[in-house]
Amino acid sequence: MSLTCWATDSIHGVEENEGHSWVSEMLQLPLVVTAQVDLLLVLVSLLAFWTRLSHLSYPNAVVFDEVYYGQFVSLYMKRVFFIDDSGPPLGHMILAFGAYLGGFDGNFVWNRIGAEYPTTVNVWSLRLLPALCGALCVPLVYLLTLELKFSHLSALGAAVLLLLENSLIVQSRFMLLESVLIFFVLLAFFSYLRFHNAPSSYSLLSSWSRYIWLILSGVSCGAVVGVKYMGLFSYLLLLVVASLHTWKLIGDKTISHRNVCVQCVHRVLCLVVVPVLLYVFWFYVHLSFLNRSGPHDQLMSSAFQASLQGGLSRITRGQPLEVAYGSQVTLRSSVSQPIPCWLHSHKVNYPIRYDNGRGSSHQQQVTCYPFKDVNNWWIIKDPGRQQLVVDTPPRPVRHGDVIQLVHGMTSRFLNSHDVAAPMSPHTQEVSGYIDFNVSMPAQNLWRVDISNREAESEVWKTILSEVRLVHVNTSAVLKLSGVPLPDWGFRQLEVVADKLFKAHSSSLEWTVEEHRYGTSQEQKEREAELHSPTHIDVDRKISFWAKFVELQWKMLTVKQEESEHKYSSSPLEWITMETNIAYWLHSSTNAQIHLIGNPVSWGVGNLSLLAYQLLAVVYLLRRRRGLKDVPDGVWDQFVCLGCVCVGGWLVNFVPFLLMDKTLFLYHYLPALCYLYLLSPALLEHAHTHLLSSLTHQRALCVGALAVLLSIFLTYRTFCPLTYGSPELSAHQLQGLKWRDTWDILYRRR
Amino acid sequence: MAKAECTPKWNTLALRNRKTCPTPEKSFQTTFTPVSKDKNSQTAGLLAGGDTQSSNGPSGQFVARGSIESPSKVLLMLVAGLSFSTRLYKLTEPPHVCWDETHFGKMGSYYINRTFFFDVHPPLGKMLIGLAGYMSGYNGTFPFIKPGDKYENQNYWGMRGFCAVLGSFLPIFAYLIVLELSNSCTAAIIAATLLIFDTGCITISQYILLDPILMFFIMAAVLSMVKFNQQRYRSFTASWWFWLVLTGINLAGALGVKFVGLFVIVLVGLNTIGDLWRLLGDMSLSLVDIAKHFLARAFALILLPLILYVTIFAVHFVVLNKSGPGDGFFSSAFQSRLIGNNLHNASMPEYLAFGSTVTIKNLRIAGGYLHSHWHLYPEGVGARQQQVTAYLHKDYNNLWVVHRQQDNNSQSGNPDLVRHGDIVRLEHKETTRNLHSHLHEAPLTKKHFQVTGYGINGTGDANDLWQMEVCGGRKGDPVKVLRSKVRFLHRATGCVLYSSGKTLPKWGWEQIEVTCSPYLKETPSSQWNIEDHINPKLPNISLSVLKPNFLEILLESHIVMFRGNSGLKPKDNEMNSKPWHWPINYQGLRFSGVNATEYRVYLLGNPVVWWINLASLGLYFTMVAVASIATQRGFSLGQQRIEHSLVLVRGGGLLMLGWLLHYAPFFTMGRILYFHHYFPAMLFSSMLTGLTLDILFRSADLLLHPPYSYWFQRTGQLLLLFSILYSFYLFHPLSYGMTGPLAHEPGSAMAGLKWMDSWEF
């Protein structure tokens, strides 16, 4: 304890000797620079860097989720647009920045765990930033414990627990995001507490330095949420802590109303406005970086796609903006479930009878087809006139106009009638009309209903307008039901007309994607008609906000097929570490890397969590009866510890219980860090306030030392699985299988 | 009406109110607790209370009691009358099965017929429906096949009437609850009016559904809890006990109808914890007293409801003693209880032999029978071979034939018994494929191996061989039908046949996944028993299966129910209602009829009522924020203002908590959700609206001077009343039935009322 007493708080760096009228006094005093350095802090930091950064480029192969993040890094390097629903873009950008520093050109295919990196890839730089973040977590925990007003010894304890946690080391040493997340979370809490603990004074300079901490906290919060959505819960916890403090401030009657208002506004600005702005900023950077079309284009709206270089914009460049009578168009469904597709027809009729015996109109099939095809072209016709060419000047189609749609290749009219659709019998069939003389007249008039006319215009515009086609005879609306047709429909998607429509459903909306003004009167000519750009150019600018909202919405709603993974686990297994993840296995030897925590520290964390809760309940009940076991100051400290640590554990663990996702052990790591923060502090609390006799205190110290020693030994034991070297024999590996449920791999020889 | 007349009105409750006014609690309590049981002291309390604070007690405190009571009584009668008449009006229309009546009516009939069935909800609601049907002369013969079936001559009015009567109590309860919480008739009347004239509440009360019964118990529980809270200074008196026990009974009722009742239990639990916390801080009570308080509550709110709940299930199992559609969900032992089931007094060969045809049931609760069918695993899911699943219903595809490793045709003479450690080949009877496993990932549980049907007519490969083990058995032990727990170990890979309990997607017909697990730990998931056993060459012996005891049955039926509940996943292409739709009344439910020619009933809240509720939620938060910041900053507020903020924070807080508890959990639920799930929350929201708006009107004097503020208050109340009544007039066809063209067509009675495009009427 006494060892560290004289060393002050932090890397405060150089503290200059400042006086009020220092100009005049300067000459009388010697020019002095006093530096105070916390040697313990420096020591643990060095150790942290050593454990996280040494031999970083080993193994020189793709390790576990690097295969997942790597593809995005490559796309960043190539500036190709992508969507990843696993998290906001900051995390990917940080990884990409590391790759950029190492001169990675994006030319590596991340297709398999264990694939060797070629020599052109600078593995070290790919992994550097997460490792740095992971290493910095250790000193941060040290500082955070101090800000929670516990001693340097506790701080050292927390730092050591974090330092010797195998799972954290493994997770930091590869191109993964958990360490980055943990780093920002700790930084946010540390800087907020720094702000809170700093004495509020009226001197401009010190209050400035105080607010810098607050701003830093806000920035870290923005980063936390920007790295992973899970960070949101930590951010909310910080907001709760901050609002509790603010609530106390509001109740402080010694401060003037004006001052309270100013302080509240400051906090809201720094802790709410700054993170929100930053969060949007990450997307701004993301979107301005990724300006080329790529594999995920299809998920986005036509307008969005058109804003990317290549892809759709190459096709649509120079095409006319306003849809006119005689226009040749492809109609894309606005909904991208199950896949994006275009209104389509082909020279095949609906079967006379379906498998279940129901009859059809036997007219030409109309479907939705997920590939570009010449059969996707439709011509817009004025019902009152015969011609299929555009007038000069073109007569644009407006909201409310009645049109006919002629299929370009077969010249059939888009038709609907009171016949049940093939797969969704409660809706109407849509067909290309063929007159079989069976008293089934053509009903091929459609009214154009532009649903975003307020935002855009009354005129039907290429790409921009979202249009509903309302069947004039039955007032049903053309709709993509999304059900795949059986073999007779070539597995294309069913299109129906639905009477009882839901207003919001985007499966009713269609946009014109490719568009040209038709000029040829003859069918043969028309089929051969080539793309001929006209005078008006599409205005392809959509605003950043529109792109941001669309991208964010897609990220939150895109559903990937969630299936179980070989190493996935359920949250309850994490507490007792019933599960592990094999990250990497050497292609020929038994050398392997596993995500396995340090079982002893894991146990210590769980114990302290339990102990804290028990202690808190006992304290609370006794205080309610007027028995104050600890003085108020200590009580406040105890409560603050609980809010941050137990609260932090809860917000990082409980949400997983409610999640319907594939989860892995590494999702537990942020929660684990809070437990490591808690354990030494709680021990110190017990030491100073619960144990009165000196012998007990000594026993506790000895116990703590013994536990620390065993933590170190366990760390050493699991080192081969953490660093992937040295290689162990099958027998040794068997010895490391401390739990039956762990999967450790042996190579049969 | 309100201020001049209403103030004396509350004084019916003055005796209690005085005591609950929280500000003078401490001083008050110290003076009066010693004699609080004494009747006379109450008058003294009244006097003293009047001294300490004056706003609530105007000068006319000592008006004769009868005249004080009457206005509130009259209002209560009015509320009751309106409530019953709106709910019972046109009760028998439409005379066909509407919406979920097809389920709950059917289940009511099952009780009358004593046929065993399975449902995801606890039995009380359906038992009551069955009882109501029985009492009103319904004989349980109507099949309730699908919505739209005509009732013809069946006595269905009894079941509907029972639900409607329970539903009619909701506004009355709301009135009483708000009256207790706010001491203001106006607030209570607003809350009751909102509920009486809400078309949604009317519709949902008029049919054979569980919701009116559930909401009845929820509201009754809240009312008795609030009443109990008012008894806090008369601990352990008869009325204290009465309300406490009544709360417990209603909790059991709520939970007995649907698991949503858990939310009100949490509400009462939180309230009780708060109550105990207050008692703990009361230093005048000894620890023994506190222990007494604790035990009383533990008894009445935990033990008593538990006993009642268990009793409900006991009745359920006693009444339903005939085999029915729900058998397959339960274990073999359970089924042997049911008359008519093939396991009831079963008689079959006692020991498993080669050549026998068997069904194999997983021992995990609701584990299902080992099943296969002609369909293959789809491409991309392991090998493209025949599916093997676990299936909960009895089906001829559950039959398997036990063979030796080699031969296919059974030899003459007495067949050999299968013994522990024997190698067997299981052939699916219908498709003649062998039970097979190999080193491919299982479809869902990726850590396990896939199980398929392979080979044909007995020819297969080495991967079709399984070693049969009796759990706890030794080599040579025969396999007892029904009683032995057996495991099937795959010879080639060493894994064990396992039912993971996960539901396969559509390609697997939503049956349960069967895998081969490399983890050999003995769990019920990897243990099976032989249920049906057919072997003509062996003598049938009457087998008395170990009858399960009641607790086992109870546990089993709960696990089955929970699994059923979580299995109700939204299907593709089905319109799925989202929780955020509900408070904005985004979309209703079609109870009856679709087309213009049909008689249509549409469950949709009265939009005016619902949107007032929604606005009031925001208003409530604003008002509480203003009030609490003002208090925290120490602004000096008038006595009346302080009271208002206390009503807002305490009474309103309780209702807000109720609303949150009945609403927020739905956001985390994966199961399919419907609009009607919001109705319990809507009750709380309406009560909160009554309380909030009343205080808003009363706070008009913050901005206006006395005569004007009074007028403002009056105008506001009238306007509110008028808008609710008028909107009810507009929208009443939603509940009482519409015919003719749909709303978006001309000539419809509802023309112009389709305010949101998403409404489908």
Side-chain angles (χ1 to χ4, degrees), chain A residues 246-257 260-261 264 337-338 423-424 426-427 451 475 477 480-484 494 496 499-505 507-508 559 561-569 579 620-627 654-655 657-662 740-741 743, chain B residues 276-283 285-287 290 380-381 441-448 500 502 505 513 515 518-521 566 569 572-573 575-578 581 586-587 590 594-596 628-635 665 667-671 742 744-745 754 756-761:
Chain A
T246 315
W247 189 244
K248 249 182 215 159
L249 184 80
I250 291 175
D252 186 349
K253 282 151 200 152
T254 58
I255 309 175
S256 70
H257 291 325
V260 168
C261 282
C264 290
Q337 257 89 33
M423 308 311 285
S424 321
H426 54 282
T427 54
S451 50
S475 71
V477 182
L480 169 67
S481 77
V483 185
E494 183 198 40
V496 300
K499 247 184 196 173
L500 295 153
F501 54 86
K502 316 277 184 294
H504 64 285
S505 169
S507 57
L508 303 169
K559 278 227 169 58
E561 277 300 308
E562 291 291 350
S563 64
E564 197 174 307
H565 185 275
K566 186 163 191 303
Y567 291 107
S568 62
S569 46
T579 163
L620 269 175
L621 290 178
R622 286 174 60 86
R623 284 177 81 81
R624 188 69 186 164
R625 292 303 290 178
L627 303 166
V654 175
L657 292 175
L658 306 173
M659 257 182 224
D660 205 12
K661 272 179 61 176
T662 317
D740 292 340
T741 45
D743 286 306
Chain B
L276 285 171
W277 188 248
R278 182 184 56 78
L279 290 171
L280 189 68
D282 182 352
M283 301 304 268
L285 291 175
S286 71
L287 280 176
I290 291 171
V381 183
E441 278 181 352
L444 300 178
T445 314
K446 305 281 184 194
K447 299 175 188 182
H448 296 180
S500 69
K502 291 172 191 160
E513 185 197 36
T515 64
Y519 304 96
L520 298 182
K521 212 168 126 193
S566 59
K569 286 271 154 62
D572 304 343
N573 302 319
M575 181 56 203
N576 194 4
S577 181
K578 302 268 186 336
H581 290 169
Y586 182 77
Q587 195 173 39
R590 256 191 232 113
V594 178
N595 296 329
S628 36
I629 287 180
T631 328
Q632 179 79 359
R633 273 313 283 171
F635 291 117
F667 282 95
T668 63
M669 283 189 197
R671 63 162 277 173
L742 300 172
H744 59 85
E745 288 162 14
K754 206 173 165 181
M756 285 175 88
D757 288 337
S758 47
W759 295 344
E760 309 147 308
F761 53 79

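Both backbone and side-chain heavy atoms feed into the values below; hydrogens, waters and symmetry mates do not. So you know, we letter chains A, B, ... as the sequences are listed, proteins then strands, and number each from 1.
Looking at B:Pro443 and B:Glu513, their side chains come closer than 4.5 Å, going by heavy atoms from C-beta outward. Here the side chains of A:Trp247 and B:Ile629 are in contact, with some heavy-atom distance below 4.5 Å. The shortest distance between side-chain heavy atoms of A:Ser424 and A:Val483 falls below 4.5 Å.
Heavy atoms closer than 4.5 Å to chain A are found nowhere in B:Leu276, neither backbone nor side chain. With a 4.5 Å cut-off on non-hydrogen atoms, B:Trp277 touches chain A through its backbone and its side chain both. Residue A:Asp743 touches chain B through its side chain alone, counting heavy-atom pairs closer than 4.5 Å. For B:Ile290, the part sitting under 4.5 Å from any heavy atom of chain A is the side chain, from C-beta outward, and nothing else. For A:Leu657, no part sits under 4.5 Å from any heavy atom of chain B, backbone or side chain.
Residues forming a side chain to side chain contact (heavy atoms under 4.5 Å, CB included) with A:His257 (at least two apart in sequence, or on another chain): B:Arg633, B:Phe635. In this structure, the side chain to side chain contact (heavy atoms under 4.5 Å, CB included) partners of B:Pro518, at least two apart in sequence or on a different chain, are B:His448, B:Phe449.
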